[in-house]
Amino acid sequence: MTLTYGYLRGTFGLPYGGYCIRPQSLPEIVLHASNENQRMFCVVGRYSEVTRWLEGSHVLVLNQSAMEATFTHELVVEVYTEYSALSRMIWGLDRLDVQLVIRIARTWDRQREVGSQFHPLLKLIVPSGISLDEIRRQLQTAVAGETVDATHNKELLNNVLSRVSTYDTMGSGCTGHSQMSPNSLPPYEYRRRLPPSYYD
């Protein structure tokens with residue numbers, strides 16, 4: 001399967017499937033809850049190719065949902081595959097075709113008791129402002145069938161917050177990344193210095 005990526009469309013409300021619309025350029029990935037064409041982003045291909053595409057990329061993923069309805073300021077990363085557990089055991093995940101989906105988190109994503117009819121192989125909850133390479137590193141710690149909440153990872157949060165600090169002190173366009181709008185950042189990222197707990 002040839003690796004493809006882009007904004008995910010045509011899923012009819014599902015968090016996977018559909019088709020990718022590749023942007024002409026990719027300075028950053030901005031997801032909007034109010035825009036059905038930009039609610040989800042996906043990368044499709046062999047798992048090894050997908051992670052290689054993510055590796056070393058400083059492209060940032062930003063959430064501009066502004067806490068609309070059931071959307072939150074965080075992001076969810078999910079990996080779907082049609083292959084069975086037996087196939088994964090025989091061939092290994094790296095050789096199998098997958099669909100990696102990045103979407104805006106919903107209020108129920110942390111509620112295990114609510115459950116879901118959709119069962120991704122891997123699932124992460126990550127902060128807005130994360131880079132694609134940081135997503136790859138978080139996937140390395142993911143366990144099949146479990147949700148990993150990376151928003152409590154102090155090292156990751158420090159990295160995300162440091163980008164915001166650079167934006168605040170130097171102005172947009174001076175960070176070495178694409179422009180990062182403060183409106184696209186979660187509430188805790190508006191702070192000019194790290195909360196005391198991060199210094200522990």
Side-chain angles (χ1 to χ4, degrees), residues 1-33 35-64 74-105 109 116 118-148 150 153 156 159-160 163 176-180 184:
M1 175 183 288
T2 304
L3 185 137
T4 59
Y5 63 87
Y7 289 97
L8 185 58
R9 301 185 191 175
T11 65
F12 299 100
L14 300 176
Y16 60 90
Y19 54 92
C20 298
I21 299 296
R22 183 172 179 171
Q24 291 184 346
S25 62
L26 198 66
E28 61 189 20
I29 299 168
V30 182
L31 302 180
H32 299 267
N35 185 342
E36 291 186 2
N37 294 328
Q38 286 187 282
R39 285 187 179 176
M40 296 185 284
F41 187 89
C42 74
V43 187
V44 180
R46 283 193 176 183
Y47 187 76
S48 59
E49 296 173 342
V50 170
T51 54
R52 195 178 307 123
W53 185 81
L54 299 175
E55 185 175 6
S57 174
H58 296 294
V59 171
L60 304 181
V61 186
L62 305 170
N63 176 354
Q64 290 193 335
E74 296 161 335
L75 300 167
V76 168
V77 180
E78 295 172 320
V79 175
Y80 291 91
T81 183
E82 62 183 12
Y83 293 93
S84 66
L86 180 60
S87 296
R88 297 195 301 270
M89 183 177 67
I90 295 173
W91 297 104
L93 182 59
D94 281 347
R95 299 177 62 183
L96 301 182
D97 295 332
V98 301
Q99 181 180 35
L100 181 143
V101 177
I102 306 171
R103 61 178 176 82
I104 301 170
D109 274 311
S116 172
F118 311 113
H119 301 286
L121 177 62
L122 304 173
K123 180 176 180 179
L124 306 172
I125 300 176
V126 298
S128 174
I130 192 172
S131 72
L132 293 180
D133 186 62
E134 287 167 339
I135 288 176
R136 178 192 63 82
R137 282 181 269 162
Q138 293 302 313
L139 283 171
Q140 291 177 335
T141 67
V143 178
E146 296 185 10
T147 299
V148 176
N153 183 319
L156 176 61
N159 290 338
V160 173
R163 294 187 196 113
H177 301 293
S178 53
Q179 292 187 6
M180 180 184 278
S184 66

### Message
Applying side chain to side chain contact (heavy atoms under 4.5 Å, CB included) to Leu26 and Phe41, what does each step give before you reach the verdict?
### Response
CA-CA 12 Å; Leu26 198 66; Phe41 187 89; 4.1 Å; yes
### Message
In the structure I gave you, are the side-chain heavy atoms of Val50 and Leu3 within less than 4.5 Å of one another anywhere?
### Response
yes
### Query
Is the backbone of Met40 close enough, under 3.5 Å, to the side chain of Arg103 for a donor and an acceptor to pair up by distance?
no
### Query
Does the side chain of Arg22 come under 3.5 Å of the side chain of Tyr5 through a donor N or O and an acceptor N or O?
yes
### Query
Just wondering, do Val101 and Gln99 contact through their side chains at under 4.5 Å, heavy atoms?
yes
### Query
If we only count heavy atoms from C-beta on, is the Pro27 to Ser25 side-chain gap below 4.5 Å?
yes
### Task
To the nearest 0.5 angstrom, please state how far the NZ atom of Lys123 sits from the CG atom of Leu139.
14.0 Å
### Message
Minimum heavy-atom separation for Gln138 and Ala150, please, with both atom names.
### Response
OE1-CB, 3.5 Å
### Message
Atom CZ of residue position Arg46 - does it have more than 12 heavy atoms of other residues, nucleotides or ligands inside 6.0 Å?
### Response
no
### Task
To the nearest 0.5 angstrom, please state how far the CD1 atom of Ile29 sits from the CD1 atom of Ile130.
11.0 Å
#### Entry: Atom pair CG (Leu124) and CD (Glu74), whose distance is rounded to the nearest 0.5 Å
12.5 Å
### Query
Does a side-chain heavy-atom distance below 4.5 Å link Val61 with Leu132?
yes
### Summary
Between Cys20 and Gly6 the two heavy atoms that sit nearest each other are CB-N, 3.9 Å
### Message
With a 4.5 Å cut-off on side-chain heavy atoms, are Leu100 and Leu54 touching?
### Response
yes
### Summary
Here the gap from Leu156 atom CG to Ile135 atom CD1, rounded to the nearest 0.5 Å, amounts to 9.5 Å
### Message
One thing to verify: whether Glu134 and Arg163 come together as a salt bridge, which I'm taking to mean a side-chain N less than 4.0 angstrom from a carboxylate O.
### Response
yes
#### Entry: 4.5 Å side-chain heavy-atom contact, Asp97 and Thr81
no
### Message
Within this structure, what is the OH-CG distance for the pair Tyr19 and Leu8, rounded to the nearest 0.5 Å?
### Response
9.0 Å
### Task
Scan side-chain atoms only and decide if Glu78 and Tyr80 contain a donor-acceptor pair under the 3.5 Å cut-off.
yes
### Message
Go through it in stages, so that I can follow the logic: the residues are Val98 and Leu121, the test is side chain to side chain contact (heavy atoms under 4.5 Å, CB included), and I'd like the CA-CA distance, side-chain angles, deciding distance and then a yes or no.
### Response
CA-CA 9 Å; Val98 301; Leu121 177 62; 5.6 Å; no
### Query
So, do Ile125 and Leu75 sit near enough that their side-chain heavy atoms are less than 4.5 Å apart?
no
### Query
Looking at Leu62 and Glu28, what are the two nearest heavy atoms and their distance?
CD1-OE1, 3.7 Å
### Message
Within this structure, what is the CZ-CD distance for the pair Arg9 and Gln38, rounded to the nearest 0.5 Å?
### Response
7.5 Å
### Any donor-acceptor pair under 3.5 Å from Ser57 side chain to Val59 backbone
yes
### Query
Where is the tightest heavy-atom contact between Ser48 and Thr51, given as atom of each residue plus distance?
O-OG1, 3.0 Å
### Message
For Val160, run the side-chain contact (heavy atoms from CB on, under 4.5 Å) check against Ser131, Ser128, Pro127 and tell me which one passes.
### Response
Pro127
### Query
Does some side-chain heavy atom of Tyr7 sit less than 4.5 Å from a side-chain heavy atom of Asn37?
no
### Summary
Correct closest heavy-atom pair for Val148 and Val143 would be CG2-N, 4.3 Å
